Amino acid sequence: MVADPLDLEQPRLFPGGRAVSAAWDRDEAYRFVEELFGRHQHEIYAYLVRMLRDPELAADLTQDAFVKAYKAYDSLEKPENARAWLYQIAHRVALDDLRRKRIVRFVPLVGETRNTAPSAEHLVMDARLSGELQRALERIPERQRSALLLAELHDMTGLELAAALGVSHVAARALLTRARQSLREALAAERASVEQAEAKADAARREGRP
Amino acid sequence: MSPSLRGGDHRRAETLAAQRVDEPLSPADAAWLDAHLATCDACAAMAADYDADRAILRSLRDAAPQPPRDLWARTAAAIEAESRPRRRPVRGARPARRFLGIPAAVLAPVTGLAVVAIVVGAALFNGSPIGPAVGPGATPIALPGADVAVLSRASDGSFDLSTAQLHEACPLTSSTCAVEPSFDTTKLTALVGSADVEALISPSGDRVVVIQRDATGNGGVFVVPVHTHPAATPTATIAVATATPVVTATPVATAGPTPTATATATVATSASPSTVGSPTPEPSIGASASGGPIAPSAAPSASVAPASEPPSSAPSSTPSAPASAAPTRSVEPSASPDASPTPEPSVVATPTSTPVIAVTPRPDGALEIAHDVVVVAGPASYSRDGSHFAFSARPADGSAGPDVYVWNTKETVARAITDDHRSMFADWAGDDVLVSRVDGGVPTTTRVESSSGKSVGEPSRRAWLPTLSPDGARAAWWDGSVALADDGVTWVPDTGRLVAGAWPDEGADDQALSDGKVGDWEVRWDADGTALATWVAPKAGHDQGKLSLYRVDPATRRADLAKPMLDATPALSAFSLDPGMLAWTGPGKSEGHTLQVLAWKGDRVVRGELPAEGGATLVQ
């Protein structure tokens, strides 16, 4: 049973069953979190923006995530797991927020660059790509979206990805697979609706001509 | 491009194709998939989609959004807030900002009450948003930058001086707003006992003068540096307490044979500041042993008994004399070989003799500038430029009434500038001071030089303890009769009223600032003369009083009593008034007292408070 670092009410249990009290050294925790922040603030923030689609909210929750990391400091057994541990915290923070709101708002990503896929087909679609992708991402379930983002944009794989998602390795793989399927379907649906809209527009234009 | 394919094989193909993106399939699965894709165009296209989608997704890598630059500052602050021991936060919600960490005990109105002295920076609102609260989660009100100093009693009875920078307060209407300045706290080891304390910040903001008033005679006036670490421990202690002028009759014969010895004592009074003001704690008396500026006061002016033997009737020097014996003795030999005649009682005979209260530097950097005198209840303040500090004090044993003392902040002594034992310091008037006395039963106020106590020739006015407006053209005072206080040597208002009016010439448009019984009061203008704050208590002593704030018409200089900005609000006596901001301690929304502020700019007035930390106990 993986300990939930965010469960502050209970004494935390580690594999091995050791109960830990919160009597860590505050200075040590602070320094550790400060260093963690320096190394990971950008990617955590980016992840939260992509998950939440709201830069300001993402900033607030990034802050929350690091504060929680500070409070849960003694739940990190090995410093080398810090990145995954941090992502797990951020992941939970994002999910909590999303579940609370149950609203997915579309906010265009800032500074998005052109698609670099080699296919000509995709180049043609470039102008609409960012919007489609965002909308498609929003359609898929949050945990799957998280898995996709972590795997593709945050270089998390295997055990690290599983830790960040708070699930077992096997479950993480399954989640990722389902996520890809979901994205594919969502993108297809998005494109279909765009095509439909364009067809309607074309028809209207044609009819409008004298 | 094609909808997901249903049907067993196609579904399996879809799943395997998706899996294959992340990791290799088992050889069996891989073989099956390849075979299926070779025969199923739709599935082949779908498999290609997975790769394409992946590429699309990865394209977002280059467009990583950037976090705000102050994110660490915000996070660090939130962590700091977390690390302070306090109640567990509510889970699930975004963490609320914490309340100000002033324990409620600090702000209790009892003996040893804590006092707030606030210095507001000269800057007015620099475009900071300020306005009435909107909504329950209202944001804090921006204040002109203020340094807050809070003198509090720790649980062991010692005093702490806590200072912080304050930029915001919570609107009174908000229940969830909170602010969190961080306090630097210094322990004031010089302050002991349960005496009433009052604290004033110097105009420069680098010192706090703490006045203890205790009927038993303990305590005095302490000057505590703010924002500094205690300097190197002083190497010597001056503990000479000088009595107020001795009243006995023995004429001083010391003038003759021991001019130097006398001068030694006297020099403390007339020495140039350079000798007296040495930062190293050389006894002021010792410093004067150089004998320089002695001549003028050589004759009958030995007012200070170095206390190798307590003068018979010198009241308050007695307790301290033994303590001072050592340093003093060490001083005298250097002064003159025949310093021994000093055992003769000294006498104050001339106006040029002014009793001196020497200074005791403490390890925590505080300077005790009066010892074994009791500071009487009444005005005490810095001169406008902060170079001098004046107060009224009398012997601890009650043998004589009060005199006005002036402390040149560069020196280590405070000097009495009156010797009639019935003078009260009222206020500064430029470089002069206003002194109130009761003459033939009539309270009168005279303007005197702060260096000598000599009257400056302005006619006395019938007024008690006036406070001057910044331009000196108006004053507020007690207009009526006074009666002897319980201590038998000071006075309290009797019948009359508090008024504000023209000064020094009598005007015809005095405004009444009080109605009903007045036991204690404080009236102050802000530095611009545009606002007038009055605090009135029905009984003497630092009880609850009522605080009011009025705008002052710049043309007529009259206070707009009809439309107060603050109207008779319950408050403790210590308040601070600066341009645009009034701060005081008063009853909070829940139990205890809180630091409250009123800030205004133009017509906009907002009121806020800094709630005390919950859970602390009141000092009762």
Side-chain angles (χ1 to χ4, degrees), chain A residues 8-9 26 29-30 33-34 37-38 41-46 49-50 55-56 58-64 66-67 70-71 96 100 109-119 121-122 129-130 133 137 148-149 151-153 157 173 176-181 183-185 187-189 191-192, chain B residues 1-6 11 13-25 43 45-85 88-95:
Chain A
L8 302 172
E9 306 282 3
R26 288 200 159 93
Y30 182 94
V33 171
E34 186 177 22
F37 188 97
Q41 67 153 324
H42 289 90
E43 52 180 317
I44 296 292
Y45 174 77
V49 170
R50 288 163 178 151
E56 275 183 39
D60 279 354
L61 294 193
T62 304
Q63 176 183 318
D64 282 9
F66 281 97
V67 173
Y70 169 80
K71 279 158 53 175
D96 285 349
R100 247 204 345 267
L109 271 184
V110 175
E112 195 153 6
T113 61
R114 294 171 60 84
N115 173 39
T116 54
S119 158
E121 248 179 298
H122 294 116
L129 193 56
S130 54
L133 181 58
L137 277 173
L148 263 185
L149 291 176
E152 294 300 351
L153 301 182
T157 55
R173 271 175 31 207
L176 194 54
T177 300
R178 274 203 302 284
R180 296 192 186 282
Q181 291 170 298
L183 180 65
R184 195 186 69 84
E185 288 170 22
L187 268 175
R191 286 163 191 155
Chain B
M1 312 258 238
S2 50
S4 63
L5 302 170
R6 299 301 170 212
R11 192 132 42 106
E14 182 193 24
T15 304
L16 289 177
Q19 281 178 1
R20 189 174 61 172
V21 176
D22 291 306
E23 49 195 4
L25 301 172
C43 286
M46 168 210 58
D49 278 351
Y50 281 123
D51 290 321
D53 293 346
R54 184 183 206 205
I56 293 169
L57 200 48
R58 292 183 83 94
S59 73
L60 295 181
R61 292 170 79 103
D62 298 329
Q66 292 300 307
R69 274 184 301 186
D70 68 342
L71 191 55
W72 173 244
R74 292 158 51 177
T75 307
I79 290 176
E80 300 267 341
E82 286 298 335
S83 62
R84 281 205 203 98
R88 192 182 293 282
V90 173
R91 286 192 67 203
R94 193 162 315 160

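Quick note on labels: first sequence line is chain A, next is B, and so on, each numbered from 1. The structure displayed is predicted, hence computed values, not measured ones. As a basis for the values below, the full set of heavy atoms in this structure was taken, side chains included, without hydrogen atoms, waters or symmetry mates.
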Exercise for review: Check whether any side-chain N or O of A:R184 sits under 3.5 Å from a backbone N or O of B:A18 as a donor-acceptor pair, and report yes or no.
Suggested key: no

Point to revise | chain B contacts, top residue of A:A189, A:G38, A:A59, A:A58 (heavy-atom pairs, under 4.5 Å) | key: A:A59

Revision key, fill the gap. Separation between CD1 (B:I79) and CZ (A:F66), nearest 0.5 Å, reads 9.0 Å

Revision key, fill the gap. dist B:L57:CG -> A:L149:CG (nearest 0.5 Å) comes out at 6.5 Å

Point to revise | Which portion of A:I44 sits near chain B, non-hydrogen atoms under 4.5 angstrom | key: neither

Point to revise | Under 4.5 Å from a heavy atom of chain B, the part of A:E34 involved | key: both

Practice item. Identify which one of B:D49, B:D22, B:D53 satisfies the side-chain hydrogen bond (donor to acceptor under 3.5 Å, both in side chains) criterion when paired with A:R180. Key: B:D22

Practice item. Please look at A:R173 and chain B and tell me whether the side chain, the backbone, both or neither of the residue comes under 4.5 angstrom of a heavy atom of that chain. Key: side chain

**Study point:** Over all atoms of both residues, closest heavy-atom pair of A:Y45 and B:P68
**Key:** CE1-CD, 3.9 Å

Review point. Quick one: CZ on B:R20 to OG1 on A:T177, what's the gap to the nearest 0.5 Å?
Key: 12.5 Å

Review point. Near A:E56 CD, under 6.0 Å, is it more than 12 heavy atoms from other residues, nucleotides or ligands?
Key: no

Exercise for review: Apply the side chain to side chain contact (heavy atoms under 4.5 Å, CB included) test between B:R74 and each candidate in A:D60, A:T62, A:V67; give the one that qualifies.
Suggested key: A:D60

Practice item. Enter the distance from A:H42:NE2 to B:L71:CG here, rounded to the nearest 0.5 Å. Key: 9.5 Å

Practice item. Output the distance between atom CD (A:E152) and atom CD1 (B:I56), rounded to the nearest 0.5 Å. Key: 11.5 Å

